[in-house]
Amino acid sequence: MAFWKPGTVGPGSEVERSVTETAQDLITSYNAATASRSLEHQRTTLPAYQKRKVILHRLNHSRVLILVGHTGSGKSTQIPQYLDEAGWATGPWMIACTQPRRIAVTSVAQRVAQEMRVQVGAQVGYSIRFDRRILEGKTRIKFLTDGMLLQEAISDPLLSRYSVIMVDEAHERSVNTDLLLGLLKRILRKRPTDLRIIVSSATLQSETIKSFFADTLSDGAGNDTLETDPVSLLSLEGRSFPVEIHHLSQPTDDYMERAFQTVCDIHQKEPPGDVLIFLTGKEEVNRLVGQIKDYGSRLLHGKMQLNAFPLYAGLPLVEQMDIFSPGQAGTRRVIVSTNISEASVTVDGISYVIDCGFVKIRTYNPDMETHQLVTTPISQASATQRAGRAGRTAPGKVYRLYTKASYESLSPHMVPEIQRSDLSPIILQLKAMGVENIMDFSFLSPPPIPLVSQALETLNALGVLDDQGGLTPIGEKMVGMPLEPRLAKMILVSGDLGCSQEMLSIAAMLSVTSIFIQPPGEKTEASEAKAQWAVQEGDHLTLLNVYNAYVERGKSSGKWCYRHYLNAKSLERASIIRSQYIALAKKVSLPLVSCQGRVEPILKAIASGYFDHAAQMQGDGSFKCLRNGLTLHLHPESVLFKQSPTWVVYHEVMETTRNFMRDVTAIEPTWLTEVAPHFFKKRQIQPRPRHEEE
DNA sequence: GAGCACTGC
């Protein structure tokens, strides 16, 4: 393996245009096409239409309206139109409607524009990262991700352009939705008369949200212009079909086997209709798809045939699209999916759902400072949501691979994301929005204290927060950047080290997933291809190497990427993200300089961001974390896996079968004390003893 | 020698 030098490129020549269509675009146009019939009729038959007057009336008397609306009620598309028709967007005012996901923002905006017979970007617009279709002064209804509205709050803390803000899908409890609700509660106190909030949520969460808002609004703070109930709750019926629920009579210890048996039973005994199966991960999905295909191939001709499709986020686009193309007549389709089908992707025409009852969730352990990916039982809310996938277009059936008693013992909801995340970026974001002390912020579900204190410690160690918890000069520059604090730190110091161009590329590459692709059956070729990019310094410089080669290719060689087992889509996204970082870097006057192939400045910049993620190799080939003494291992996907670096820094630790360091760079230990003397002086480079191992 | 659910700025 060679050392890094600029322009280290793998072999390859021709330049091809990259594919610009994404699966999301295709799904959006697919939905738009099926939805174009008799718009007016569809609008007036939606459950939301029956409640139009009530909704508008309530909004005149309550500052917060909580809508319990099930799928198919038409709330996301209709309510913004009712508000517009009722005059909530006259003069300078706008109506905002937030969604947790980009795809929902663009498809709902398209649908509403179509119903209003206007162009997207005119009276109806949307705003998501890297794509903004808003006409200032003309756009009245604006759809946006909740993350995007949070960004707007940095420059406009009172969100003063909006008369009504509707937060959709609040029951999903994403970090951004939770932050937004807390922020809106604060804004309501400062805008007592001219702001209305609509929160749409599923049943059980709605009471929590109601009391969350009620306790501020009933304390007499400027609520005299409105009558009686400052927080109002309204239920909208959905328009879905009944779903028959089956539980196991005895618990199973092998849901994979039961899932397979259930598919076979359905195929033999039930009338035509497609099947959706929920499993926990890619590996399980592929295994079951194989089994079902195998079974399907042995079916007699003349009988109904069976075909199986995998569905998970990392699936190549072409294969994901297979699911959305119409199936063959006389064939039952079985979609074997991860949790992506629970809320993110909707597959139409499902009559049977098989639910294994588990989900993989990512959690953060503040004591070890590690991330874990753990398989846990789902919540009752998730079980209901999964079941509902069978009743979207016709009555359906759900087969739960657990007992009725197990269902009843499930917790009503998942632990919200904010209670199991690394809070250090979140604290910075709150600072950007003017929340000085995180303990003063009103959280719908407050994060546990250990998470808060660990995040504050980390930010203090990074030199972002001073000992009083205030922003340092470097912290001021970091605030508002959509970057993890460690990455922001290494970018900011790279200006002085003379390698900001390189660090911006590395940070952009770390912000996207799956740069290297591994098609099934081409494992050897893929790892050989990756080895050609590998450099001895480690994964960060390898990523830089790939990015530079991609730029030299003119950024648009789909075929070239494919031949080198690189993900063209991810590289394209990295390049867009990099230009955003450059714009942000200019705002804080960061000098944009290149180190012209010198490697030491880059490595020192990396060390400055990750110094608290340093580890030393032990005699047995494992590593010991300098900060907390935890035993760590190089991930086999790291380019350093077969090397023997003595000292490394890492991006993060992911605990699966062991504690694996992901994205690792070899360093000189002397750099650590050089870039962070305060940190190592305080700790005297003594690993903190861990009681568990003693 | 592993094998990562999902989303967002």
Side-chain angles (χ1 to χ4, degrees), chain A residues 24 98-105 127-132 144-155 169 172-180 278-287 311-315 337-345 356 358-363 371-376 378 382 414 416-418 420-421 425-426 428-430 432-433 478-484 487-488 507-508 511-514 516 518 520 523 526-527 573 576-577 580-581 583-584 621-622 633-638 640-642 652-663:
Chain A
Q24 297 186 341
T98 73
Q99 300 288 331
R101 281 171 294 279
R102 296 161 56 92
I103 176 70
V105 169
S127 174
I128 56 181
R129 191 186 189 187
F130 306 129
D131 190 5
R132 184 184 154 84
L144 70 173
T145 50
D146 32 30
M148 207 64 201
L149 192 57
L150 286 173
Q151 286 298 117
E152 285 189 12
I154 294 174
S155 52
E169 314 286 0
E172 289 187 20
R173 302 297 307 275
S174 72
V175 167
N176 283 342
T177 304
D178 274 20
L179 292 180
L180 184 57
F278 285 98
L279 298 176
T280 66
K282 174 175 146 182
E283 199 261 350
E284 284 180 359
V285 165
N286 286 328
R287 190 147 50 98
L311 181 58
Y312 46 85
L315 197 69
S337 172
T338 62
N339 207 39
I340 192 171
S341 301
E342 191 178 302
S344 307
V345 171
C356 78
F358 289 90
V359 65
K360 243 179 230 179
I361 55 166
R362 189 179 149 109
T363 59
H371 296 270
Q372 290 167 299
L373 206 57
V374 279
T375 303
T376 48
I378 59 172
S382 287
M414 300 291 280
E417 202 185 353
I418 203 157
R420 49 183 170 88
S421 298
I426 294 168
L428 280 191
Q429 194 172 10
L430 286 171
M433 299 184 311
M478 219 181 262
V479 143
M481 286 190 179
L483 272 163
E484 286 169 45
L487 295 182
S511 306
V512 296
T513 49
S514 58
F516 300 99
Q518 276 194 331
K523 237 176 74 177
S527 57
R573 192 168 165 80
I576 296 169
I577 290 176
Q580 189 190 28
Y581 290 168
L584 292 167
S622 72
H633 300 269
L634 282 166
H635 193 280
E637 273 185 14
S638 168
L640 294 180
F641 185 68
K642 287 180 180 161
E652 66 171 22
V653 173
M654 175 65 80
E655 185 188 338
T656 49
T657 52
R658 300 159 110 179
N659 290 316
F660 286 110
M661 299 181 279
R662 307 184 63 90
D663 294 313

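Naming convention: chains lettered A, B, ... in sequence-line order (proteins, then strands); numbering from 1 in each chain.
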Once you round it to whole Å, what is the distance between [atom2] of [N] and [atom1] of [X]?
{"X": "A/Gln580", "N": "B/dG8", "atom1": "CD", "atom2": "P", "answer": "14 Å"}
{"X": "A/Arg658", "N": "B/dA2", "atom1": "CZ", "atom2": "C1'", "answer": "10 Å"}
{"X": "A/Asp146", "N": "B/dT7", "atom1": "CG", "atom2": "C1'", "answer": "10 Å"}
{"X": "A/Asp663", "N": "B/dC4", "atom1": "CG", "atom2": "C1'", "answer": "13 Å"}
{"X": "A/Glu283", "N": "B/dG3", "atom1": "CD", "atom2": "P", "answer": "11 Å"}
{"X": "A/Glu417", "N": "B/dC9", "atom1": "CD", "atom2": "P", "answer": "14 Å"}
{"X": "A/Met414", "N": "B/dA5", "atom1": "CE", "atom2": "C1'", "answer": "10 Å"}
{"X": "A/Gln372", "N": "B/dA2", "atom1": "CD", "atom2": "P", "answer": "18 Å"}

Checklist entry - Only one of A/Leu150, A/Ile418, A/Leu149 clears side chain to side chain contact (heavy atoms under 4.5 Å, CB included) with A/Asn176; which? => result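 Passing option: A/Leu150.
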
In terms of heavy-atom contacts, A/Gly480 and A/Ile154 come closest through CA-CD1, 4.0 Å

If we ignore angles and hydrogens, is there a donor and acceptor under 3.5 Å between the side chains of A/Arg129 and A/Gln580?
yes

Checking contacts here: which listed nucleotide ([options]) is nearest the side-chain heavy atoms of [X]?
{"X": "A/Met148", "options": "B/dC6, B/dC9, B/dG8", "answer": "B/dC9"}
{"X": "A/Ser344", "options": "B/dC4, B/dG3, B/dT7", "answer": "B/dT7"}
{"X": "A/Pro636", "options": "B/dC9, B/dA2, B/dC6", "answer": "B/dA2"}
{"X": "A/Arg102", "options": "B/dA2, B/dC4, B/dG8", "answer": "B/dG8"}
{"X": "A/Arg362", "options": "B/dA5, B/dC9, B/dT7", "answer": "B/dA5"}
{"X": "A/Thr656", "options": "B/dG8, B/dT7, B/dA2", "answer": "B/dA2"}
{"X": "A/Phe660", "options": "B/dG3, B/dC9, B/dC4", "answer": "B/dG3"}

If we only count heavy atoms from C-beta on, is the [X] to [Y] side-chain gap below 4.5 Å?
{"X": "A/Met654", "Y": "A/Arg362", "value": "yes"}
{"X": "A/Gln151", "Y": "A/Gln429", "value": "yes"}
{"X": "A/Ile577", "Y": "A/Phe130", "value": "yes"}

Quiz item: A/Thr145 side chain N/O closer than 4.0 Å to the phosphate oxygens (OP1, OP2) of B/dT7?
Solution: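 Indeed not, no polar side-chain atom of A/Thr145 lies that close.
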
What nucleic acid atoms does [X] come within less than 4.0 Å of, heavy atoms only: base, sugar-phosphate, or nothing?
{"X": "A/Thr657", "result": "sugar-phosphate"}
{"X": "A/Thr338", "result": "sugar-phosphate"}
{"X": "A/Arg129", "result": "base"}
{"X": "A/Leu373", "result": "base"}
{"X": "A/Ile128", "result": "sugar-phosphate"}
{"X": "A/Gln151", "result": "sugar-phosphate"}

The residue, A/Pro482 or A/Lys282, whose nearest nucleotide of DNA chain B is more 5′ is A/Lys282

By nearest-nucleotide position on DNA chain B, the 5'-leaning member of A/Ser511 and A/Thr280 is A/Thr280

